[in-house]
Amino acid sequence: MDPVEPGDWVTGRPQQLILLTGLDPTNRPLHNVLLAAFYNRTPDRPAFKVRLIAGDADLPQKTKKKKTRGILRKEWPNKYLNHVPALVVLFMDLDWDHPSWSEKLLEASSKTESLRNSIQHESRLLVVLLQEKTTSFPSEGEEKANEFCHHCQMSSKQLFVVNTAGDLSSHVGKLELAFHEHAQAFYQAKIKTIRSRSIPNNSPELLVRQMFKLGFLSELRQDTHTALRNYKLAYDHCQNSQNNWEMADYFEWRSVAGLLNYKICELYFLHNTPRDAITLMNKHMSAFFYGEPGNYPSAQLAGIEYSLWKSKQSWQFAELFERAVVNGLTAVAAVNPGTFLDYASTHFATANRMIRELKATSPISASYPNPDPLASAVDFYGQRPWRVGPLDTATALHLERAAIFALQLRLHENHDGLMTLLSAASMQYKKYGCPRLHRKIMIESGDAQAAAGKPEEALKLWTHVLREGTLPENLRLTLLNKALWSSYCNVLLKETMWSVIQLLRVEPSGTLDPLHQEIFMKICDAKTPANPFSTQLAENQVQHISMLWKQKLEESQFFTVNCSKLSTFVQVSACFLQTEPVSVDMQVPLRVTLTLQTSFPITFSGVRVSAYHCESSGRRIGTADDQATFNVFRSNITLQPFTPSHFYFAIDLKDSASILKEGHLVTIGRVSLEIGDRTQKGVFSTFEWDGNALGRERLNLLDLKAYGQQLSVRVVNMVGTITNIGDKNIDCLLAEIASAKLRLKNETNRELSDVRIEFKRSEQASSSASSVLFVDDDNELRGELELAVASSMKPGDEVDRALQFSSQLHGSVDLLLESAFKISGEKEVQKGRVALTITSEDPFIVRSQVLTLNGIPVTKVLNRSTHLLKVDLKSNADIEITRIDWLLADVVQNALSIYSENDLPSPDVLLKGDVVSYCTPIDIFSQEDSEDEKPLGRMVVFWRRCGSSFSVRSTVPLCRTVISTCPVSINVEVGAKIAEMRKPLLITYVLLNNTLEVIEATTSFDLTDTFMFSGDKLRSVRLLPGVPLRIEVTVMALAAGRLSFPRLTIRSPSIADSILLDALRNLPATIFVLPLAKEYQS
Amino acid sequence: MSLPFDLLHMEMVRYGKEKEAVARADYPKEVLEGLDKATSSLVYKALASRNAETNLESIGLRTGFLLAERLCRDLPRISTELEIMKFICKEFWISVFGKQVDNLRTNHQGVYVVQDNRFPCLTSFSDGTQYVKDAAIYLCFPCGVVRGALQALGIQALVTPTTDQLPSVKFHIHIKTKLT
Amino acid sequence: MSKQQKPVGVDAKKMSSELFALTYGSLVAEMLKDYEDPRQVNLQLDKVGFNMGIRLADDFLSKQAGVPKCTDCRQMAETLSKNVIPAYLGVSATVNNWESGDREFSLQIENNPLTEFVEVPQDLTSLHYSQMIAGAIRGGLEAVHIKVTTTAIETPTNTVIKVKFIEVLKDNLPAGED
Amino acid sequence: MINPGNGALCISIVGKENARLWSGLSDDASRVVCEVELFAHVSLDIVDERATKATENYLGQVYSDHLYKCFAYVSSTGVKFVLVTDSKSQGLRDSEMRAIFKKLHHAYCNAISNPFYVVGQPIKSKHLTEAAKQIFAQ
């Protein structure tokens, strides 16, 4: 009935059997050592199994086997493993020069003789002589050996001589190799004889048997490849003969096929070709797992037998597989030992089911038959105990019937067996990271437990799987129904509810099973629900169960279902309605959204929201999980199908202001719906959703609506802050004292005291912010600021405060002012931020240039000569200029400075866009005569905005100019203060040679008719370095008014005309001549 | 991008802005029941927090997600982060913005900078720095699109645009998590 | 980046129409999130369409100089179905259901690209998904001083735009959206 | 149950984080709904293992037992498509399978493009139902 155990022999590799005799370990230490050497086998040495026997008596005798039909004798492999030796080795202590040599010879021959006679199965006989001394002449040994062999009628190949004086282990090694050779020969011979046996009309049984024997002997020959080949042949024979099997023999054939398959797979793994093993196993399954179970001894029994066999097959393979893995094979999720354990358990479960059915359908009243038809031992694999030995049909039939009874009586569902298989499988799946497969096993385990009559266990498993979620829908529902069934039938109130509220969930389009609704409603108002499963139960069971329910519901029941990981009849989400941090004295509003996911309205006795307070890390503060810091509750709510209803609550932090610290989080930890009345008798059920569930409800991966997901808010001690609702962007002129009108509002809901505004350079985001200076209360400019704003402000109060500052940098600057204040009645100072942007521009644009004395702009000025400096200021706003100072460079001497060092007589008022010009004559005097640009210095402008009292001192740079060298500088002196008409006027031209060489030059006058002239018109002069040369001429103006000044020209071979021309340009262009003075003489 | 699309985009921006304006008005009154002044002002803020930017970005997010799914349907498998970024810069960019990006740089620590010197969504503005501020909102939708595409390919990323000279844009992609 | 201009397996033309359809879809979805009431969404879509229409009209007139000035509704319908809609929607439309003396007609848009992927759920039957097109037509016509009312109705097979002629506007300026 | 045609029994689409997106069953599967679904479900274990090393979206046959075979396809966006066929039907060639999955992926894209679909939630779409119907009919 149960699948056949192959026997111990299959475990472990087959080893060659060698019998030793003639050794006496107890009295002869030498022998003992020798024996020990043989006994301790190491893998590197030939695969022997050595056994010591006393003498021929212990040699196995041929046994007469009864002639019965069958494929493989169970005992056959043992025959070669434990009984029939490949070799029998006789040990003798015999030196060549033994004093009584001839007696010894006789003794030896008799021993060998008797052994030879009692040896069956052509086992080989070997003799080993143990000698103490070596002979000096090998030839002598030769001789003696021959003599010995001759006496004992054996070939010299069978004789070995070991010198016990020498190194024993090396001898043993040699011996073993020799033994091995002989043993191989022995098995080879066996194989030959077996192969040579002719098989009458190729009966498959015999063929298979032969192939198996060949295979096994090859294994003994340590020739696993040949073995594999033979086993395969045998297996193929089984498979091919499949169709001609007689039903009575199915079991036997399958047993053999199974055994062969096992051996083959084992060898595949041994040869490290696991793929072949797995393919073969799959082939094996498809070849042998889908046949007809047959109907012997009876249809049901055959079926059960078959499933058990399949299960066994898979399990055995799993064993091999796992062994291979232990030896270093790597398996994968798709194929691993678990896969086959899984199969095994499936078939095993089927068998259990069949047994259950069999027991249910045809219960046996008869007592166990006697004599036991299953008692007798069987010779063959898969042989039926009741078919051992030749029987006449009548007895056979009778026995058979008895056997069927016996079997059925013996049969029982083996739940433990199934559970072991399942747990083994699940461990494997865990190991290879297959969560879903693992879940599958858990479901099956659940079924097994249920079958074993342990509904609680089953439920545990099922509910666990269901919690994992992501099960295919139909599967999920079936599982839920199972859970409902099992919890209902076992009157488990909470579990029933657990299953039913999930089953209640339907699509808006879907249809609700009225049954589930009925159970739910009934339980809610503590009435016994009619048994939904009455069809599947016997009448008395139905009554019994509903009776139990009645009892249960009579006393009041409290239970809580945690719905967090389930998709149930209500969809719950919750969130705080704000993102900002909150202060301990505030109420935090939150919203709970409940959507009924079933098609009938439900009224709950209340919805409760529990919030916890956690450290900033999110770790809960406080001990017990159910100790919520805040609880808000609303009673009697009714939900309509599939319509979200929002409930708004406010958590008042004041309630536990004492424990809330800065930085804590307040987190919505649980929403629970209640049905029933805690105080009344009856059923009071609570359905809970914990934090993650509440957040998780949003399944739209692409939803950005951040605030909707806020499950916790951060607590800060800050109670609102102070904001500036006045000027935020101010334009000003560079360096002026501008003022910003701040209007500070108390946005907090508390009375504030000691409100100040501070500016700290260290706090600033923009580096340029430090370029702003502030006017403090004592009119001092300061880099940092601290301003008292108000001694106290009530909530909503507004205070104006002008902030005077001056920006030293043009462009716009962002300032971060800090507001500091105390909440009245509290020590520590609160801080807030007030942002301010300042954009400043220059008060005026400066343009400056150099002119000749005649007022002609020049790009380059002549060294050692006088010019005019002209500065234009174009104002950018309405300003007054109160004073200017010249700060001229040292190349310039300020010929005369007009209003130096004191204010303008009256300030120059400029409207936006006006231009004012200031001039001053300058003498250029540069030591080095380089042609590069020189700065002319700076100008200081004192100005103020019209109407403002603060005046600002701005320093502006003046232009740069090229100073060209001037070899000859020419100046003129006019003899009289006033030039009068028709009065002689002495004009002296002073020429100064600025170089170090003598300059030859000619001077000339171009005469004009406006002047009468006396002096040298044309004259050549020699200018000595540094010595001024005066050329005097006297002229008399013939007309009055502004006449062009008498012009001197000068030429010199050593100086370019252009330079001299420049020099001459400095002479006045015109001269004013008064008319005749007659009139006022008279 | 085609004219109708540009117009649609403009309209989305318009819609977003208008919505933001009215968002404050239409929050449920019962929220304020039994709340003190300070609190209700916070709620008010919270409910208004759905501003035009979020609105546009989430439109883009969905669009990008779907486009990416469609696009890589017809392309060989894309798995590594780099492959994904390449995909975004080539096939994806071309099919959404009608051109390849002009430059892709990375610090090999999950930060990528995608540069587009002539970004289609900005061509309606005159070049230069003058309108940079006004243009910002026209980058919310594209950001969403890129982010959506990344999300479709299993990358949670922060996408922020910077532009200092229209119509060129730099998208800074800061990869947060590669979900599996 | 690589030289290759067209990446493998990407049909730019198809994509751009998909881009439009998907973006529009996302916009509608967003609007539904903003307003629970589909009718509100219809209004918004119509507005979007109207504004687009005004601009598209300019574009159309600037490009299609050849199109004759519309003198009656039939001509207008003709232009819409044969020129305008193909130009901007990529599919043609057929005109039918003339009513109330040629003052009302319907434009049947076969395989409207906007609705390619759309499966409107039962509870949103009052939503006119393609109302943007209707709005655009209204806006476009208003730009050329023709006042009409339009609604878009989804049938299982196609999209129908019902157009009702109101009047010819006197003032020269196209009326902006209020 | 020897099945003509491709013996396709069940198609299921699973999104990121194993969200169940869509699944369809052929009429042949009606008697074994749960078994087939369960098989499709457990096959995902192997799909996950394969997908990590995959160089192509189509993963071929990933899993089989004595009743069913499972073929799988993973989009670059991490959406898993599995197709369960009954193990005795003469299987399809990979080329045909590839075609089938392309078709499915296409249908899937259209389905999620529906503006009224909320990304990440189970899909209801005529595109997919039709595609599946055709596949089952083959």
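Throughout, a chain's letter reflects where its sequence line sits, starting with A, and its residues are numbered from 1.
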- prompt: Where does Leu27(C) contact chain D at under 4.5 Å (heavy atoms): side chain, backbone, both or neither?
  reply: neither
message: Taking every non-hydrogen pair under 4.5 Å, which of Ser26(C), Ala29(C), Pro121(C) racks up the most with chain D?
response: Pro121(C)
task: Identify which of Leu32(C), Val120(C), Leu124(C) forms the greatest number of heavy-atom pairs closer than 4.5 Å to chain D.
output: Val120(C)
message: With rounding to the nearest 0.5 angstrom, report the CG to CD distance, Asn110(D) to Glu18(C).
response: 8.0 Å
Inter-residue atom distance Phe117(C).CZ - Ser125(D).OG, 0.5 Å rounding: 11.0 Å
query: More than 12 non-hydrogen atoms from neighbouring residues, nucleotides or ligands closer than 6.0 Å to NZ on Lys133(D), yes or no?
result: no
query: In terms of heavy-atom proximity below 4.5 Å to chain D, should Leu127(C) be classed as side chain, backbone, both, or neither?
result: side chain
Neighbour count >12 (heavy atoms, 6.0 Å) for atom CD, Glu167(C): yes
field: Contact summary for Val118(C) and Asn114(D), nearest pair of heavy atoms
entry: CA-OD1, 3.8 Å
- prompt: Relative to chain D, which segment of Tyr129(C) carries a heavy atom at a distance below 4.5 Å: side chain, backbone, both, or neither?
  reply: side chain
Heavy atoms from other residues, nucleotides or ligands near CZ of Arg55(C) exceed 12 (cutoff 6.0 Å): no
- line: Smallest heavy-atom separation, Gly25(C) atom then Pro115(D) atom, equals O-CB, 3.5 Å
query: Looking at NZ of Lys124(D) and CD of Glu119(C), how far apart are the two atoms once the value is rounded to the nearest 0.5 Å?
result: 10.5 Å
